[in-house]
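Written below as structure tokens is the structure these notes are about.
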2 protein chains.
Amino acid sequence: MVTTPAESVLRGSPYRADCPSRRILDRIGDRWTVLVVGALGDGSVRFSELRRRVEGVSQKMLTQTLRGLERDGLVRRTVYPEVPVRVEYTLTDAGRTLREPLRALEEWSIAHLGDVSASQEDYDRPDRASS
Amino acid sequence: MVTTPAESVLRGSPYRADCPSRRILDRIGDRWTVLVVGALGDGSVRFSELRRRVEGVSQKMLTQTLRGLERDGLVRRTVYPEVPVRVEYTLTDAGRTLREPLRALEEWSIAHLGDVSASQEDYDRPDRASS
DNA sequence: CCGTATCCTACCGGATACTG
DNA sequence: CAGTATCCGGTAGGATACGG
């Protein structure tokens with residue numbers, strides 16, 4: 001059996017401090033990045049509309065998250081010098097490729113979160129053997 | 001075109017505070033959970049071996065991460081009452097289903113982290129127009 | 001409308017010491 | 001070996017005020 005690069009990282013060698021898994025987690029492992037990518041979808045979205053789509057995000061964190069994505073080349077920022085100014089954000093081609101793996105994760109969560117919640121409640125019951 | 005459930009969450013409605021995407025991020029969005037799931041692979045792994053596979057994880061955080069995964073029903077903990085004691089961790093069936101989406105993410109990072117790094121360096125150059 | 005600048009708090013997570 | 005307990009600092013991120 002030929003070991004693919006991905007598998008060599010996943011199983012062959014330990015997770016080094018600079019392995020791809022960690023680098024990507026450092027980028028999307030925060031509270032908002034994944035949600036912003038999802039909220040952008042495949043269109044152009046204004047800042048204020050993004051704020052509405054990602055419920056609870058503060059102005060500061062939305063700006064910070066978008067700057068990070070722009071720096072990574074995953075989001076393009078376009079300013080229309082109208083009055084008042086209009087700013088639109090769009091996923092780049094690279095950014096769009098991120099949607100598929102993220103969607104896979106979301107589908108997993110939709111499929112399994114019920115079981116996870118049930119397991120948690122069972123685990124938290126002080127009485128009864130853990131079975 | 002029929003809108004799938006996943007898409008209705010991704011695009012139709014805003015990301016509510018209790019949507020599946022957020023729940024899963026709250027669980028695996030921390031520093032170690034994803035790495036521990038990867039390090040477990042499809043076998044049984046001892047605590048000390050896990051520490052070695054996930055470079056840099058502290059004893060406290062490894063324990064805490066494993067407890068969380070056990071609570072979620074994604075990891076099974078087995079104690080062998082030998083002297084000294086031996087404890088092995090294994091992904092449950094549910095836990096194993098998480099590996100595919102996580103692997104997809106890792107493969108994305110392997111494929112794109114080079115471009116991301118290049119984009120960052122370009123973005124961080126003070127001089128020169130952004131394009 | 002779309003930010004930036006400050007301040008401030010919660011908590012994640014590391015270091016260390018101690019048990020069964 | 002596999003934890004638990006305690007302390008502690010750095011930082012993610014919220015609230016607020018202000019600027020272009």
Side-chain angles (χ1 to χ4, degrees), chain A residues 15-17 21-37 39-40 44-72 75-90 123 126 130, chain B residues 15 17 21-37 39-40 44-72 75-90 123-124 126 130:
Chain A
Y15 284 104
R16 306 247 163 233
S21 293
R22 298 215 187 181
R23 307 246 328 261
I24 186 63
L25 286 172
D26 284 342
R27 284 302 302 121
I28 70 168
D30 61 290
R31 198 177 197 74
W32 302 111
T33 296
V34 167
L35 299 175
V36 169
V37 170
L40 281 170
S44 279
V45 188
R46 298 188 60 167
F47 186 86
S48 47
E49 172 63 18
L50 274 177
R51 267 198 92 171
R52 252 170 277 124
R53 291 197 191 179
V54 183
E55 188 173 82
V57 67
S58 66
Q59 192 169 35
K60 169 188 170 181
M61 290 316 298
L62 181 52
T63 300
Q64 189 171 302
T65 302
L66 288 166
R67 288 294 173 279
L69 286 167
E70 194 191 358
R71 191 174 98 107
D72 293 343
V75 159
R76 178 171 34 253
R77 176 175 182 266
T78 311
V79 181
Y80 298 90
E82 309 169 351
V83 179
V85 68
R86 180 171 53 117
V87 182
E88 295 201 335
Y89 293 91
T90 319
Y123 188 93
S130 57
Chain B
Y15 284 104
S21 293
R22 298 218 188 178
R23 307 248 326 264
I24 186 63
L25 286 172
D26 284 343
R27 283 304 301 121
I28 69 168
D30 62 288
R31 198 178 196 76
W32 302 111
T33 297
V34 167
L35 298 175
V36 168
V37 170
L40 281 170
S44 279
V45 187
R46 298 188 60 166
F47 186 86
S48 46
E49 172 64 17
L50 273 177
R51 267 199 91 172
R52 250 170 279 125
R53 290 196 191 178
V54 184
E55 189 175 81
V57 67
S58 67
Q59 191 169 39
K60 170 189 169 180
M61 290 316 297
L62 182 53
T63 300
Q64 190 170 302
T65 302
L66 287 165
R67 289 293 173 280
L69 286 167
E70 194 190 358
R71 191 176 99 107
D72 292 342
V75 158
R76 179 170 34 253
R77 176 174 181 268
T78 311
V79 182
Y80 298 90
E82 312 169 347
V83 178
V85 68
R86 178 169 54 116
V87 181
E88 294 201 335
Y89 293 90
T90 320
Y123 187 95
D124 292 341
S130 57

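Order of the sequence lines fixes the chain letters, A, B, ..., with proteins taken first and strands second; residue numbering starts at 1 for each chain.
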OP1 or OP2 of [N] less than 4.0 angstrom from a side-chain nitrogen or oxygen of [X], does that happen here?
| X | N | answer |
| --- | --- | --- |
| Y89(B) | dC1(D) | no |
| R46(B) | dA2(D) | yes |
| R51(B) | dC1(D) | no |

With sequence neighbours excluded, residues passing salt bridge (charged side-chain N to carboxylate O under 4.0 Å, His left out) with [X]:
| X | result |
| --- | --- |
| R27(B) | D72(B) |
| R67(B) | none |
| E49(B) | R52(B), R53(B) |
| R71(A) | D124(B) |

Distance in angstrom units between [X] [atom1] and [N] [atom2], rounded:
| X | N | atom1 | atom2 | value |
| --- | --- | --- | --- | --- |
| L50(A) | dC1(C) | CG | P | 14 Å |
| E88(B) | dA2(D) | CD | P | 9 Å |
| R77(A) | dG3(C) | CZ | C1' | 8 Å |

List in chain and number order the residues that pass side chain to side chain donor-acceptor pair (under 3.5 Å) with R46(B), two or more places apart in sequence or in another chain; answer none if no residue qualifies. none
Which residues pass the side chain to side chain donor-acceptor pair (under 3.5 Å) test with T65(B), not counting sequence neighbours? none
Suppose we screen for side chain to side chain contact (heavy atoms under 4.5 Å, CB included). Which residues come up paired with L35(B), at least two apart in sequence or across chains? Y15(A), S21(A), R22(A), L25(A), W32(B), V54(B)
Which residues pass the side chain to side chain contact (heavy atoms under 4.5 Å, CB included) test with L62(A), not counting sequence neighbours? V36(A), F47(A), L50(A), R51(A), V57(A), L66(A)
Within residues 76-88 of chain A or reaching into it, pairs that qualify as salt bridge (Lys or Arg N to Asp or Glu O under 4.0 Å) - sequence neighbours excluded: E82(A)-R86(A), R86(A)-E88(A)
Classify Y80(A) by what it touches in the nucleic acid, base, sugar-phosphate, or nothing, heavy-atom distance under 4.0 Å. nothing
Give one of base, sugar-phosphate or nothing for V87(B), where a contact means two heavy atoms less than 4.0 Å apart. sugar-phosphate
Hey, what bend do you get for the helix from dC1(C)-dG20(D) to dG20(C)-dC1(D) if you fit axes on five pairs at each end, rounded to 10°? 40°
I need the minimum non-hydrogen distance between L40(B) and T90(B), along with the two atoms involved. CD2-N, 4.5 Å
What are the two closest non-hydrogen atoms of Y80(A) and V85(A), and how far apart are they? O-CG2, 3.6 Å
Under 4.0 Å from any atom of DNA chain C, heavy atoms only: list the residues of residues 57-65 of chain B that qualify, in numerical order. S58(B), K60(B), M61(B)
Where along residues 23-32 of chain A does a heavy atom fall under 4.0 Å from DNA chain D? D30(A), R31(A), W32(A)
